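Report on the following structure.
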Amino acid sequence: MAILFWVFAGIIFYVYLGYPLVLASGLLAPRLKRSGAVTAAALPRISVIVAAHNEESAIEAKIHNILAADYPRDLVEILIGSDGSSDRTEEIVRKYAGDGVGLISFPLQQGKSAIQNGLVAAASGEVLVFTDADCEFGPQALRVLVGHFGDSQVGLVTACPSYVNEEENPVTENEGVYLRYESWLRRQESERGLLAMASGSLFAMRRSLWKPLDRNLGDDFELPLRVALAGARNVVDPRARVTTRLSQNDHGSMFALKVRIISKDFRALRKYAAILNPFRHFRLAVALWSHKLLRWLVPYFLLGMLGCGLLLMHAMFYRAFVVGLLAFFAIAAGSSLLGKRKIGLPWSVPASFCIVNLAAFFGILKSFGGRRSGSWTPVRN
């Protein structure tokens with residue numbers, strides 16, 4: 001039991017601190033040199049793909065955002081797919097037909113991935129740009145993303161996401177800290193050719209690497225996994241910023257969001273499990289095991305440590321560990337009960353940590369619950 005306890009502890013330490021140190025040190029892979037960028041004269045035609053379900057509060061601002069991009073207008077195709085919208089989304093989009101904004105209406109709700117499949121089938125661009133209806137990117141973002149395709153080894157380029165909130169509270173503040181940590185990891189992996197994920201709010205990929213999405217998976221993980229398996233690179237560029245208003249600003253909605261994301265991402269990783277084989281894809285496999293799979297399994301390792309500690313309580317160290325862990329959980333529960341009320345650091349950390357790991361625990365279980373419809377209902381303020 002003592003050996004098992006320390007094995008679990010070692011894995012958790014590696015996930016949060018060991019792996020970042022391995023990345024930063026270059027032990028897993030050195031930084032790659034960047035090849036030439038696409039010149040202004042060689043800019044390819046791009047298709048901007050937006051899947052929308054009841055987005056009347058956001059879609060007009062999204063269209064203006066795309067039209068304001070610093071990219072030759074004659075090289076930008078804009079396609080918006082309405083996924084069974086019952087509000088004014090389609091009415092608003094039709095107003096911009098004269099600006100070259102195309103609308104494809106899907107009367108029955110099918111889910112985001114199914115709509116993206118339909119939109120790509122109608123697209124004509126050499127580069128596909130996927131972006132969410134509720135986010136905003138800077139004028140230079142499209143040029144920055146497309147510029148990387150001057151390197152023949154690059155298959156997908158993702159923007160660097162950020163969130164804005166109508167109200168700052170412990171939930172949103174801790175999510176901001178987590179996002180900065182996650183963004184740093186992705187930049188390190190990108191610079192070393194190890195990245196296998198994207199920000200769903202904005203990313204671009206070569207049309208030649210496209211294959212229809214599984215409607216039960218997510219575009220921001222399935223497509224990067226495919227790109228990596230095809231031997232191409234995924235890249236993140238911090239110069240391409242995309243901002244989303246964070247609607248999930250309480251513990252309940254944040255938990256639900258993370259359960260949904262982890263569930264679909266875990267299904268994707270199971271479908272493309274070959275990439276986890278270190279004998280075939282050593283560096284990528286280590287990165288995915290460290291960044292994704294082991295992190296999702298942390299709640300199971302914590303439960304294992306708790307179980308071992310309970311069986312070893314005759315020793316003072318393990319008795320202190322059990323008491324300390326239960327106290328940590330109690331603080332988390334107390335913080336959750338206080339809701340959005342301001343709780344300063346470090347007292348707000350246990351609740352956020354537990355939300356993430358509870359979501360991983362239930363997200364993994366949910367991913368084994370059979371096929372899903374793929375339908376979605378975006379949360380908007």
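None of the values given here were measured: they were computed from a predicted structure.
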Hey, is [X] close enough to [Y] for a salt bridge, meaning N to O under 4.0 Å?
| X | Y | answer |
| --- | --- | --- |
| D132 | K112 | yes |
| E191 | R31 | yes |
| K62 | D134 | no |
| R226 | E222 | yes |
| D70 | R143 | yes |
| K264 | D220 | yes |

Would you say [X] and [Y] make side-chain contact, with heavy atoms under 4.5 Å?
| X | Y | value |
| --- | --- | --- |
| V157 | F203 | no |
| L312 | H314 | yes |
| I104 | S82 | no |
| I115 | I49 | no |
| V322 | L310 | yes |
| V48 | I46 | yes |
| V235 | L195 | no |
| V227 | M205 | yes |

Checking the side chain of [X] only, and the main-chain atoms of [Y] only, is there a donor and an acceptor separated by less than 3.5 Å?
| X | Y | value |
| --- | --- | --- |
| T89 | E55 | yes |
| T244 | Y163 | no |
| R206 | F149 | yes |
| R180 | S183 | no |
| S47 | L128 | no |
| D237 | T158 | no |
| R239 | L145 | no |
| R192 | L28 | no |

As an exercise, state the distance from [atom1] of [X] to [atom2] of [Y], rounded to the nearest 0.5 Å.
| X | Y | atom1 | atom2 | answer |
| --- | --- | --- | --- | --- |
| S152 | R233 | OG | CZ | 10.0 Å |
| L202 | T131 | CG | OG1 | 5.0 Å |
| E91 | K95 | CD | NZ | 7.5 Å |
| N117 | D214 | CG | CG | 9.0 Å |
| L325 | L306 | CG | CG | 5.5 Å |
| I66 | R73 | CD1 | CZ | 9.0 Å |

Could you walk me through whether I261 and D265 pass the side-chain contact (heavy atoms from CB on, under 4.5 Å) check? CA-CA 6 Å; I261 291 173; D265 284 357; 3.6 Å; yes

Shortest non-hydrogen contact between [X] and [Y], atoms and distance:
| X | Y | answer |
| --- | --- | --- |
| R88 | E56 | N-OE1, 3.1 Å |
| S86 | N54 | N-OD1, 2.6 Å |
| L217 | K271 | CD1-CD, 3.7 Å |
| D83 | H53 | O-ND1, 2.7 Å |
| W289 | L276 | NE1-O, 2.9 Å |
| P238 | R187 | CG-CD, 3.2 Å |

Which is it for F130 and Q116 under the side-chain contact (heavy atoms from CB on, under 4.5 Å) test, yes or no, and what are the steps along the way? CA-CA 9 Å; F130 296 90; Q116 289 171 320; 3.7 Å; yes

Would you mind writing out the side-chain donor-acceptor pairs for residues 1-21 within the sub-3.5 Å range, not counting sequence neighbours?
{"from": "W6", "atom 1": "NE1", "to": "Y318", "atom 2": "OH", "distance (Å)": "3.1"}
{"from": "Y14", "atom 1": "OH", "to": "S290", "atom 2": "OG", "distance (Å)": "2.6"}
{"from": "Y19", "atom 1": "OH", "to": "E189", "atom 2": "OE2", "distance (Å)": "2.6"}

For L23 and L194: C-alpha separation, side-chain torsions, deciding distance, then whether side-chain contact (heavy atoms from CB on, under 4.5 Å) applies. CA-CA 10 Å; L23 276 180; L194 303 173; 3.9 Å; yes

Do other residues, nucleotides or ligands put more than 12 heavy atoms under 6.0 Å from [X] [atom1]?
| X | atom1 | answer |
| --- | --- | --- |
| F282 | CZ | no |
| R280 | CZ | no |
| F353 | CZ | yes |

Can [X] and [Y] be counted as having a side-chain donor-acceptor contact under 3.5 angstrom?
| X | Y | result |
| --- | --- | --- |
| S105 | E90 | yes |
| R267 | S263 | yes |
| T243 | E136 | no |

Show your working on side-chain contact (heavy atoms from CB on, under 4.5 Å) between F221 and K292 and close with a plain yes or no. CA-CA 11 Å; F221 198 36; K292 285 293 188 180; 4.2 Å; yes

Same cluster (ILVMFWY, side-chain, under 4.5 Å), [X] and [Y]:
| X | Y | value |
| --- | --- | --- |
| L67 | L142 | yes |
| L284 | L185 | yes |
| F362 | F368 | yes |
| W184 | L294 | yes |
| L257 | V356 | no |

Step-by-step side chain to side chain donor-acceptor pair (under 3.5 Å) determination, E60 to Y96: CA-CA 9 Å; E60 191 159 26; Y96 294 89; 2.5 Å; yes

